[in-house]
Amino acid sequence: GENVEQHPSTLSVQEGDSAVIKCTYSDSASNYFPWYKQELGKRPQLIIDIRSNVGEKKDQRIAVTLNKTAKHFSLHITETQPEDSAVYFCAAPNNFGNEKLTFGTGTRLTIIP
Amino acid sequence: EADIYQTPRYLVIGTGKKITLECSQTMGHDKMYWYQQDPGMELHLIHYSYGVNSTEKGDLSSESTVSRIRTEHFPLTLESARPSHTSQYLCASSGPGETQYFGPGTRLLVL
């Protein structure tokens, strides 16, 4: 099955600076990589995802990069704001249809005003 | 508004009781999922369903059972609750794409 490792487990960043969270996966056949944000007491929400046919995807201040050879993908948040404080989870599929997701252990991001 | 609903949101119950956690969605999605998550920790898939009369076990072994009689409804049942079942249970659904949308969760405490 798929094994996903996520680093760091905690990250503190000065407001306005950039934050980077990295995940590695084990199954070279995996082709879909979502990132979820979970604020305290709230449900996880998808913020960005990437498929294996592209190397980078951007959505305003958020970007995800994928290195298929090294089997890792990273979340980049630029110009961080206090509302970016949350726990972020990466995931990779554990089956052909991408229904079974294996989640990383999460990164608690704190933005320091 | 299309959404995923879970009831109850909080449940405190004694050991040995039977409980059912309800999940319904108005998203029009075929696929539904149950995850278990301890506070601030990773999500573990315990059950999923491709559609009516389809149920599959996830990667995390669970003593719970599920049923899918209606497309919009995916209840999870614990026949005999134990303190080790204390956790948050998140229901999710997805449509033709891979994006999974989560419900607000049920926080379960078994005494």
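The structure displayed is predicted, hence computed values, not measured ones. Numbers restart at 1 for each chain; the letters A, B, ... are given by sequence-line order, proteins then strands. Hydrogens, waters and symmetry mates play no part in the numbers below; they use all other heavy atoms, side chains included.
When heavy atoms are compared at a cutoff of 4.5 Å, Lys100(A) approaches chain B by way of both its backbone and its side chain. Looking at Ser94(B), there are no atoms closer than 4.5 Å to chain A (heavy atoms on both sides), in backbone or side chain. Contact annotation for Pro34(A): neither backbone nor side-chain heavy atoms come within less than 4.5 Å of a heavy atom of chain B. Neither the backbone nor the side chain of Ser9(A) comes within less than 4.5 Å of any heavy atom in chain B. Using a 4.5 Å cut-off between heavy atoms, Leu90(B) contacts chain A through its side chain alone, with no backbone atom that close. Of the atoms belonging to Gln38(A), it is side-chain heavy atoms, and not backbone ones, that fall under 4.5 Å from chain B. The parts of Gln100(B) that come within reach of chain A are both its backbone and its side chain, each placing non-hydrogen atoms under 4.5 angstrom from that chain.
We find that Asp3(B) and Arg43(A) are joined by a salt bridge, their nearest charged nitrogen and carboxylate oxygen being less than 4.0 Å apart. Between Lys71(A) and Asp27(A) there is no salt bridge, since no side-chain nitrogen of the basic residue lies less than 4.0 Å from a carboxylate oxygen of the acidic one. Electrostatic pairing of Lys22(A) and Glu5(A) does not count as a salt bridge here, judged by no charged N lying under 4.0 Å from a carboxylate O.
Of the N and O atoms on the side chains of Asn98(A) and Glu98(B), at least one donor lies less than 3.5 Å from an acceptor on the other residue.
Per-residue counts of heavy-atom pairs under 4.5 Å with chain A were compared for Gly103(B), Ala92(B), Gly40(B); the largest is that of Gly103(B). Chain A forms more heavy-atom pairs under 4.5 Å with one residue of Asp59(B), Ile4(B), Leu45(B) than with any other, namely Asp59(B).
Thr65(A) pairs in a side-chain hydrogen bond (donor to acceptor under 3.5 Å, both in side chains) with only one of the listed residues (Lys57(A), His76(A), Glu56(A)), which is His76(A).
Taking CG from Leu43(B) and CZ from Phe103(A), the interatomic distance works out to 5.0 Å, rounded to the nearest 0.5 Å.
Using a 4.5 Å heavy-atom threshold, the side chains of Arg107(B) and Tyr89(B) count as separate.
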